[in-house]
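Note sheet for the following structure.
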Amino acid sequence: MAINGTTFLLNLLGAAALLLWGLRMVRTGILRAYGGDLRRRLGHSMGNRFSALLTGLGITLLLQSSSAAAMMAASFASRGIVNTASALAIMLGADIGTSLVAQVYSFKPPALSPILILCGVIMFMASEATRRRDLGRAIIGLGLVLLALHTIADNAAPLRSSSALGDIMAGLESAPALALIVAAIVTLVSTSSLAVVLLVISFVQNGIVSLPLAFALVLGANLGSAGLPLLATVRADPEARRVPLGNLIFRLIGGAVALPLLPVVTPIMADIEPEAWRQVANFHTCFNLILAVCFIGLTGPVARLCATWLPDRIEADSAVRPRYLDRNALESPAAAIANAARETLRMGDIIEKMLRQTLDVFRHDDRKLLREVEELDNGLDTLHEGIKLYLTEVSRETQAPEDSRRAVDVITFTTNLEHVGDIIDKNLMELAQKKIRNKLQFSTEGFREICDMHARLTENLTLALNVFISGDVRMARRLLEEKVAFRELERFASESHLQRLRRGTPESIETSSLHLDVIRDLKRINSHLTSVAYPILDAAGELVRTRLKPAEH
C-alpha cells in the first residue's frame, strides 16, 4: 500500500496533537474541579516519605501528569511547607502513577472513546454547576485520548512497508543512547512523557518499532519528563528548583544503569507477558517501581546534594517579591485566588510595618527610618503588581461566580492597600521631611492626639485584614462603625488643634498645616482600609443605597 507522505504526516501530527490536547483537558478539568483539595492533600501527606510517595502516585493518577505533581511539590518546597526530601518522595510516586496511567490507556477499548466524549459533552452542556462542568471536561479529555490513540494506530499501520523508516529505526536500534536522547528531546518538545510512551506503544503494536528500541525510547521519555519541571522552574527560588533537580538525578542514574542492561531485560519482559505492546507498558512500570524502591531511602542524601548545588539565594532584607503566587495553580481558580489572598496578607504586614515606622519617624526625626519606609513602599508596589497580573491570568479561565466575585474583592483590597502605601510614602513621609528640615515640633497634646489616632488606625488595619480573610458580617459591621468613630476622632483632633491656636500655643502655630495634614492623611488611610467591609455587607443586604435623607416635596 503506497503511503502519501504529506497526508500521513498531517494525520500523525494531528492525532498526536489531539492526544496532547486530550491529556491537557483531563488535567485542567481535574485541577479546576479538585485542585484545592489535591493541594491540601499533598500538603498533609508529609508525615513520612512513604505516605508522600503514595500521595504523589494518587494525584498523578488523577491528573495524568507527573509534571503537574512535580510543580505542586516544587511550589510547596519553595514556601517551606515541605522539605526537599519529602517532595522527592512525591516525585517517585508521581512517576509510578504516570506508568500506571499508560498501562490503562494501552488497552484502548474501541467502544469507550465515543461513549466518554458523549457523556462528557452532556455533562458539560447540561450542568450549571462548575465542578460538574469541569468533570465533564475531564471525561471529554479521556475520550479524546482514546480517539487519538486509535487514529495513531490506524495511520501507523502502513508504515511497516516503509523502507526509509525501517532504515531510521535500524539506525536508532544500533545506537540506543541516541534513541534515548531523541525520545527525551521529543518529550521536552511535546511536554508530555505519557504521550510519548503511548506513541511508542502504538508503534510497537503496529510492528514499526522493535522491543529493545522501544525500551530505550521509554527510558528517554522518563528522562525528558524529569527535564520538564526543571525548565519550568529555571527562574524560581533555589528551594523550588531542588525538587526537579533531584528527580532528574534519579532518572539519569536509572537510565544510565538500565540502558546497558536492555539485552538482559528484554527476555525477562517477555516472560511476564508475551504481547510486545504489553511488554513496553510493563517495562515502563517496572522501571519506575525499581527506581522508587532504590531511591526512597536516599531522598535525604539527594536533597542535601541538591541544596549544596543550589544554595539559598542571599538577598537584601528589604527585597520583597511574591511568595505565594504559584503559577501552577492558575488552572484551579479557587486555589489561585486563595494564593493571591495569602499574598495580600503580606501586603497588610508591610502596611503595618510602614505605619509603625511612620510614627517613629515623626517622634524621633529619623531620616534613616524614613528611607526604609520609602523602600517598603517599593516592595508593596511589587506585590500589588504581582497579585494584579496573577489574578488577571486567572480571570481568563472558566470561573464559578463566587470565584469571580472573590477575585474582584482581592484586586480591590490590594489596590486600596497600595493607595495606603502611597499615602504613607508620598504624603506622610513628605510631611516628615518638612518637619525634620524645618526642625519643627508638635505640641505635647497635639502629638498625643496623633498617637491616639495612629493606635486606632493600627487596630483597624488588623480588623480589616481579618474581615478580608473571614468575610464575617459582624466584623465587617464593626469595621464600618470604626469608620464613623475615626471620623469623630479626626474632628476632635482638629477642634483641639484650633483651640490651641486660639490659646497661642507656639508649637501648634508653627506646625498647624503639618498637624492638620497628618490627621487628614490618617483619616484617608482609614477610609481605604474600611472599604473592605462594603462588598461583604452589600452581599448580606446590610447596606442602604444612600446616606441622604429623602427629599421633601
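Since the model is a prediction, treat every value here as computed from it, not as a measurement.
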**Prompt:** Which of these passes side chain to side chain contact (heavy atoms under 4.5 Å, CB included) with Leu391: Val408, Thr414, Leu325, Val410?
**Reply:**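 Among Val408, Thr414, Leu325, Val410, the one that satisfies the side chain to side chain contact (heavy atoms under 4.5 Å, CB included) with Leu391 is Val410.
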| task | Mind telling me whether His515 and His497 have parallel, tilted or perpendicular rings, with 30° and 60° as the class edges? | result |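 Ring orientation, 0 to 90° scale: parallel.
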For [X], does the [atom1] atom have more than 12 heavy-atom neighbours from other residues, nucleotides or ligands under 6.0 Å away?
| X | atom1 | result |
| --- | --- | --- |
| Arg356 | CZ | yes |
| Arg132 | CZ | no |
| Glu430 | CD | no |
| Arg478 | CZ | no |

Any carboxylate oxygen within less than 4.0 angstrom of a Lys/Arg side-chain nitrogen, looking at [X] and [Y]?
| X | Y | result |
| --- | --- | --- |
| Asp95 | Arg251 | yes |
| Glu343 | Arg346 | yes |
| Glu495 | Arg491 | no |
| Arg524 | Asp521 | yes |

Quick check: do [X] and [Y] have side-chain heavy atoms less than 4.5 Å from each other?
| X | Y | answer |
| --- | --- | --- |
| Leu231 | Pro244 | no |
| Leu417 | Leu529 | yes |
| Phe447 | Glu507 | no |
| Leu376 | Glu372 | no |
| Val243 | Met91 | yes |
| Val373 | Ile424 | yes |
| Asp422 | Glu418 | yes |
| Ser494 | Leu516 | yes |

Considering all heavy atoms, the nearest [X]-[Y] contact:
| X | Y | value |
| --- | --- | --- |
| Gly224 | Thr187 | C-CG2, 3.7 Å |
| Leu380 | Gly421 | CD2-CA, 3.6 Å |
| Gly141 | Met25 | CA-CB, 3.8 Å |
| Arg241 | Leu230 | O-CD1, 4.1 Å |
| Leu461 | Gly348 | CD2-O, 3.9 Å |
| Leu62 | Ile30 | O-CG1, 3.6 Å |

To the nearest 0.5 angstrom, please state how far the [atom1] atom of [X] sits from the [atom2] atom of [Y].
| X | Y | atom1 | atom2 | value |
| --- | --- | --- | --- | --- |
| Asp452 | Ile519 | CG | CD1 | 12.0 Å |
| Leu440 | Glu510 | CG | CD | 6.0 Å |
| Glu445 | Ser496 | CD | OG | 6.0 Å |
| Leu383 | Tyr324 | CG | OH | 11.0 Å |
| His454 | Phe362 | NE2 | CZ | 10.0 Å |
| Ser192 | Trp21 | OG | CH2 | 13.5 Å |

I'd like to know if the side chain of [X] reaches the main chain of [Y], judged simply by a donor and an acceptor atom lying under 3.5 Å from each other, with no hydrogens or angles considered.
| X | Y | result |
| --- | --- | --- |
| Thr505 | Leu501 | no |
| Thr308 | Arg304 | yes |
| Arg133 | Phe124 | yes |

Using the side-chain contact (heavy atoms from CB on, under 4.5 Å) rule, take Arg363 and Asp360 through it: C-alpha gap first, then chi angles, then the decisive distance, then the call. CA-CA 5 Å; Arg363 179 183 282 120; Asp360 290 337; 3.3 Å; yes
### Glu482: which of Arg477, Lys523, Arg456 passes salt bridge (charged side-chain N to carboxylate O under 4.0 Å, His left out)
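Of the listed options, the one satisfying the test is Arg456.
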Notebook entry, point to check: Is there a side-chain contact (heavy atoms from CB on, under 4.5 Å) between Thr299 and Leu92 once you walk through the steps?
Noted result: CA-CA 10 Å; Thr299 53; Leu92 291 172; 4.2 Å; yes
Exercise. Between Arg520 and Asn427, does a side-chain contact (heavy atoms from CB on, under 4.5 Å) hold up when you go through it step by step?
Worked result: CA-CA 10 Å; Arg520 178 207 62 192; Asn427 294 81; 4.2 Å; yes
Inset, instruction - Determine, step by step, whether Tyr534 and Thr412 satisfy the side-chain contact (heavy atoms from CB on, under 4.5 Å) criterion, reporting the C-alpha distance in whole Å, the side-chain angles of both residues, the deciding distance to 0.1 Å, and the verdict. - result: CA-CA 11 Å; Tyr534 285 108; Thr412 302; over 6 Å; no
With salt bridge (Lys or Arg N to Asp or Glu O under 4.0 Å) as the criterion, how do Lys388 and Glu385 come out once you've worked through the C-alpha distance, each side chain's angles and the decisive distance to 0.1 Å?
CA-CA 5 Å; Lys388 182 175 64 176; Glu385 187 69 16; 3.3 Å; yes
If you apply the rule salt bridge (Lys or Arg N to Asp or Glu O under 4.0 Å), what do you find for Glu449 with Arg500, and how did you get there? CA-CA 13 Å; Glu449 291 166 356; Arg500 289 190 293 275; 3.2 Å; yes
